[in-house]
2 protein chains.
Amino acid sequence: MMIQNLNKIERQRRIKEYILRDPFLSDKKLAELFNFSVQTIRLDRLEMGIPEMRKRIIKVAKETSLADQVKSLKRDEIIGELIDIELGKSGIAILKTVKSMAFNRTGIIRSHYIFSLADSLAISIIDAKVALTGIARLRYKIPVYTGQTLVAKARVAQKKGNKYLVSVHVKSNHEEVFTGKLVIFSFNDKVKKKEV
Amino acid sequence: MMIQNLNKIERQRRIKEYILRDPFLSDKKLAELFNFSVQTIRLDRLEMGIPEMRKRIIKVAKETSLADQVKSLKRDEIIGELIDIELGKSGIAILKTVKSMAFNRTGIIRSHYIFSLADSLAISIIDAKVALTGIARLRYKIPVYTGQTLVAKARVAQKKGNKYLVSVHVKSNHEEVFTGKLVIFSFNDKVKKKEV
DNA sequence: CTAACAATTAATAGTTACTAATAATAGGTA
DNA sequence: TACCTATTATTAGTAACTATTAATTGTTAG
């Protein structure tokens with residue numbers, strides 16, 4: 001019974017994972033995968049409160065069918081729009097958040113979009129051919145929801161040789177939602193022309 | 001016959017429109033909407049080559065499903081591919097870097113792509129409905145160039161209530177290029193059952 | 001007027017992927 | 001031995017179909 005029980009729990013854990021990764025798996029397919037009967041799989045699903053395949057598919061479909069309209073964002077749009085910049089000193093960028101940047105369930109913007117905004121702004125204010133992020137400390141203070149417009153302000157706080165300390169503050173409606181401190185290294189690989 | 005014919009064509013045009021706008025309409029619902037028999041609706045669908053509701057839903061779902069084999073570039077370019085996961089414990093994801101993720105001048109992958117890989121992996125191993133990044137400490141150790149494949153390993157290092165400390169290590173060719181420590185908070189908006 | 005034809009509806013059998021309930025079986029444990 | 005858990009089997013019923021054949025209705029050309 002002990003061994004059986006453990007097996008059962010382990011099996012259910014794996015079934016859950018499989019379904020999470022591939023909601024299109026029917027009970028029959030799962031039964032074949034795990035070499036258990038269809039009935040056992042069903043019992044497992046019931047015990048875990050996982051709905052049948054067709055309902056799972058409908059859920060997945062609904063989550064996105066409404067969303068789409070707005071297609072894939074161009075990568076550069078992740079960066080936001082540079083609205084002001086003083087090379088070597090500071091810069092401001094804004095990003096209008098859209099549905100595709102958010103978790104479907106909650107409408108909360110995924111953290112890496114905010115980091116992308118901060119990071120690209122920080123890099124773009126460095127007055128060098130090449131700038132690379134070395135270390136970053138990020139703090140997400142308040143969740144940001146789809147539709148909110150983010151304003152990022154970056155400032156070079158310190159400079160030692162080719163090492164810059166840049167602080168970035170992101171606000172939405174005058175409320176700070178994110179702060180970050182980035183250590184960025186600059187390199188002047190070859191000839192340095194005027195500017196960008 | 002002329003009038004009938006026109007009606008038929010008109011009806012089919014409208015059915016097509018309805019289905020386009022709402023792929024979840026079954027033949028029965030369409031029959032009710034148009035006040036024709038289910039059989040007529042079916043014939044119309046067949047004549048127009050429109051698949052049945054369930055297939056339409058599957059199509060919609062697959063277009064955006066994370067688990068989908070045929071991955072939509074946009075999303076996967078950012079998130080990478082989950083290749084193993086043990087909910088609540090650890091996970092592995094890989095990301096094949098491409099040109100569009102890099103700076104043109106140097107071919108070095110922009111840091112936020114690496115963070116995105118790490119961050120999404122960290123979030124996906126949290127066994128909760130909603131997980132949000134709160135704090136992050138990142139260290140970029142070696143530049144990554146276009147074409148390199150990144151392997152990210154995340155592990156829950158600590159858990160206190162709904163606060164998780166997740167460490168992520170990203171390697172390329174067995175060389176560590178990035179490490180990060182993320183503090184993630186989980187939320188169960190709709191509590192169902194307790195587990196584990 | 002009627003045979004022909006299109007459009008529509010009905011009827012029937014078979015499919016998939018289930019739910020829900022009940023029963024049977026194997027392998028332990030107390 | 002009686003009980004218990006896990007597993008498997010069986011049966012009836014559901015939605016939403018496919019595929020086929022047949023019946024009905026309406027129009028119209030000869």
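In what follows, every chain begins at residue 1, and chains take the letters A, B, ... in the order their sequences are listed. All values below were derived from every heavy atom in this structure, side-chain atoms included, with hydrogens, water molecules and symmetry-related copies excluded.
B:Leu25 places its CG atom 14 Å from the C1' atom of D:dA16, with the value rounded to the nearest Å. Atoms CD1 (B:Ile41) and P (D:dA16) sit 15 Å apart, rounded to a whole Å. Atom C1' of nucleotide D:dC17 and atom CE of B:Met53 are separated by 9 Å, given to the nearest angstrom. As rounded to whole Å, 11 Å separates atom C1' of C:dT16 from atom CD of A:Glu52. Distance B:Gln12 CD to C:dA6 P: 15 Å, rounded to the nearest Å. Atom NZ in A:Lys28 sits roughly 11 Å away from atom P in C:dC18 (whole-Å rounding). Whole-Å rounding puts the B:Ile9 CD1 to C:dT8 P distance at 11 Å. The separation between A:Ile57 atom CD1 and D:dC17 atom C1' is 15 Å, rounded to whole Å.
Comparing D:dA16, D:dT18, C:dC18 against the side chain of B:Arg54 picks out D:dA16 as the nearest. Residue A:Lys8 has its side chain nearest to D:dA6 when only D:dA6, C:dA17, C:dT8 are considered. Comparing C:dC18, D:dT7, D:dC17 by their nearest atom to the side chain of A:Arg42 picks out C:dC18. Across D:dT7, D:dC17, C:dC18, the shortest atom-to-atom separation from the side chain of A:Arg45 is found for C:dC18. Closest to the A:Gln39 side chain, of the nucleotides D:dT7, D:dC17, D:dT8, is D:dT8. Distances were taken from every side-chain heavy atom of A:Leu43 (C-beta onward) to each of D:dA16, C:dT9, D:dT7; the shortest belongs to D:dT7. Listed candidates were D:dT18, C:dA17, D:dT8. Nearest to the side chain of B:Asp27 is D:dT18. Comparing C:dC18, D:dA16, D:dT8 by their nearest atom to the side chain of A:Phe36 picks out D:dT8.
Contact annotation: A:Thr40 reaches the phosphate of D:dT8 (side-chain N/O to OP1 or OP2, under 4.0 Å).
Between B:Lys141 and B:Glu176 there is a salt bridge, with a side-chain nitrogen of the basic residue lying less than 4.0 Å from a carboxylate oxygen of the acidic one. Ionic pairing of B:Arg13 and B:Glu17 is present here: one or more N-O contacts between side-chain nitrogen and carboxylate oxygen are shorter than 4.0 angstrom. By the 4.0 Å N-to-carboxylate-O rule, B:Glu47 lies close enough to B:Lys8 to be salt-bridged with it.
Distance check: B:Asp119 CG to A:Tyr113 OH gives 11.5 Å after rounding to the nearest 0.5 Å.
Take the nearest nucleotide of DNA chain D for A:Val38 and for B:Leu46: the residue whose nucleotide is more 5' is A:Val38.
At distances below 3.5 Å, not a single donor-acceptor pair connects side-chain atoms of A:Arg137 with backbone N or O atoms of A:Lys181.
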